[in-house]
Structure formats: C-alpha cells, structure tokens
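The first residue in the sequence is number 1, and the count goes up from there. As the structure is a prediction and not an experimental result, all values here were calculated from the model.
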Amino acid sequence: MSTTASDPLATLGSLPGVPDAVDSVRKAVDRVYGHRVMRRRSNEVTAEAALRGSRGSATLAGADWNLEEVRRRTDFSGEDEARTVGAALRLTAEAGQLLSIWRQSPLRVLARLHLVAAGGAAPDDAVGRPRLAGESVDEPLIEAPLPGADEVAGRLEGLSQLIIAGTAAPALVTAAVVHGELLALRPFGSHNGLVARTAERIVLIGSGLDPKSICPAEVGHAEQGRAAYVAAFEGYTTGTPEGVAAWIAHCGRSVELGVRESTAVCEALQRGAA
C-alpha cells in the first residue's frame, strides 16, 4: 500500500482509475436507494441482499449452491459445502451486530467473525485468534505466499490503527484494502476468505455508503468469477499502484453488480413477484 504520515489510505483514492470507480459506485448505490420500493419495503430488500451475499461469498469459498437451495436449507452441518454455506450465513447475520465495535476495536471484531465462521468446527484454542508460528492455513482459493506469524501480527495491528484513527479515503477504497489485507495475511487457520468479505461488508455499511446493507459486494465477486477474483487480488499483492488500483476497481465493480442484484429484487417486489 502507498503511505503518507497522516492518512495512507487516502492516497490510494487518487490512483489512476480509482476516482472513476468510486464515482461509479456512488452513483449506482444512490440509484438503488432511490428506488420507490426502498421507501416501504427496505427490510425485505436487506434480507434478500443478505441471503444472496452469503451465497456469493460461499461460492468463492467452494460451495456453489443454487440460491433456492440456500433459501430452503435449514441444516448446514455435515458435508464441507454445507458448513461453508452455514458459515457465510452466520457471518452475514453477525456483521450488523458489530458495526459499533469495528471503529474502536477491529481486531476484536475479526476475532469474533472467525469464531462465528468456525462454529465449533476448529480446535478451541485455534478459534478467534491469529495463527501462531508453524500453524497451517486451510484457504485453497488463495495461493499467494503465506506471511509468517510475526508479520501477520504487525500488519494486523497496523491495519487496526488505521481504522481506529479514521481516514478521508472513500469507503470503497477502505473496504477494498481491508478485504485485500485480510486475504493477503490469512491470519486465521480457516475461513479467511469468508471473514475478509464480511469485513468488506462491515466497512461499506459502517461508512454510510450502504447503511441498509442492500449492495452485496459478495454477489459481484462471485459473478465475476473465482479466476478474476484471484487475478485482481494478485495485483493487490504486488503493491504497485496499478495492481492496487485494479483491485479497488474490481471491488467497485463487485459493489455495482450487487446493486444490480438488489435493483432486480426491488423490481420483483414492485411487481409482487417476490
């Protein structure tokens, strides 16, 4: 990431292409918030966005389930894919409960998210804490070199301090960096992708860009595909302005695709078809 002494995240907002991505996302979000259905039935749109966002995040984690199967299913124990979908659903439900804590204690929120995602599936002493030296990570989608435990601790602390201090960076930029850093660090032994995408959601909601949580970026990440997701993330890990800007733009496009999904939900509600 680029850095300045005062606000390192803010400098990323001026990278080539990023202002256009930020502006495009803002306009898309404003349009869906202006939909007439949002005046009367926003809670229904929020609930549907949560379901579809959970499905999208689970898809990237290897559980590509049909939306209606996610909607119908009540038991998410048993096979690995079911547990992944269940973890994604729990994380989405938990995100809204952690907004007030995020700005004061991001590391506490991340620990809670991992605890919720693991759902008792990991050894007790490994849940809710960054991994220790020598501990393995189960994250098959991301094959980037794995930072050591000391680097993880240092970078997590640095990210936490940036969030606590606040930033003038656009919400999209902050959300993309939080997402990218957590993918790069993979601080937990499992569920890092799910946690990273939930943290992105928390930033987008808590920043005021998407206060009703109706613009599920997870939908867009999944729609663009796992290969595009990994390629954009690999650009971020290079640390070059071009690579970081491309990752931010990818995240922006994901939000826009989430907006498109929720706009379709609004239209269906308006027709009485949902």
Problem set entry | Positive for side chain to side chain contact (heavy atoms under 4.5 Å, CB included) with S57, one of L194, T198, V219 | L194
Problem set entry | Criterion side-chain contact (heavy atoms from CB on, under 4.5 Å) on S254 and H250, from CA distance to verdict | CA-CA 6 Å; S254 295; H250 180 89; 4.0 Å; yes
For this session: Evaluate side-chain contact (heavy atoms from CB on, under 4.5 Å) for E256 paired with R260, printing each intermediate quantity in order.
Result: CA-CA 6 Å; E256 291 184 68; R260 187 177 71 179; over 6 Å; no
Exercise. Backbone N or O of R55 within a donor-acceptor pair of the T59 side chain at under 3.5 Å?
Worked result: yes
For this session: Keeping the roles fixed (side chain from T237, backbone from E234), state whether a donor-acceptor pair exists under 3.5 Å.
Result: yes
For this session: Scan for salt bridge (Lys or Arg N to Asp or Glu O under 4.0 Å) pairs involving residues 190-202, sequence neighbours excluded, and state none if there are none.
Result: R201-E218
For this session: Using modelled atom types only, decide if a donor and an acceptor are shared between the side chain of S105 and the backbone of I101 within a distance under 3.5 Å.
Result: no
Problem set entry | W247 and H179 aromatic ring geometry - parallel, tilted or perpendicular at 30°/60° bounds | perpendicular
Exercise. Checking R41 side chain against L269 main chain: does a donor-acceptor pair fall under 3.5 Å?
Worked result: yes
Problem set entry | Pair E139, H191: side-chain N/O donor-acceptor within cut-off below 3.5 Å | no
Exercise. R83 side chain to S77 main-chain N or O, any donor-acceptor pair under 3.5 Å?
Worked result: no
Problem set entry | Polar contact flag, side-chain donor to acceptor under 3.5 angstrom, S262-E48 | no
Exercise. How far apart are the C-alpha atoms of T92 and L51, what are their side-chain angles, what is the distance that settles it, and do they pass the side-chain contact (heavy atoms from CB on, under 4.5 Å) test?
Worked result: CA-CA 8 Å; T92 300; L51 185 72; over 6 Å; no
For this session: Determine yes or no for a side-chain-to-main-chain donor-acceptor pair under 3.5 angstrom, with Y236 supplying the side chain and L183 the backbone.
Result: no
Problem set entry | Side-chain H-bond candidate by donor/acceptor type, S190 with D138, under 3.5 Å | no
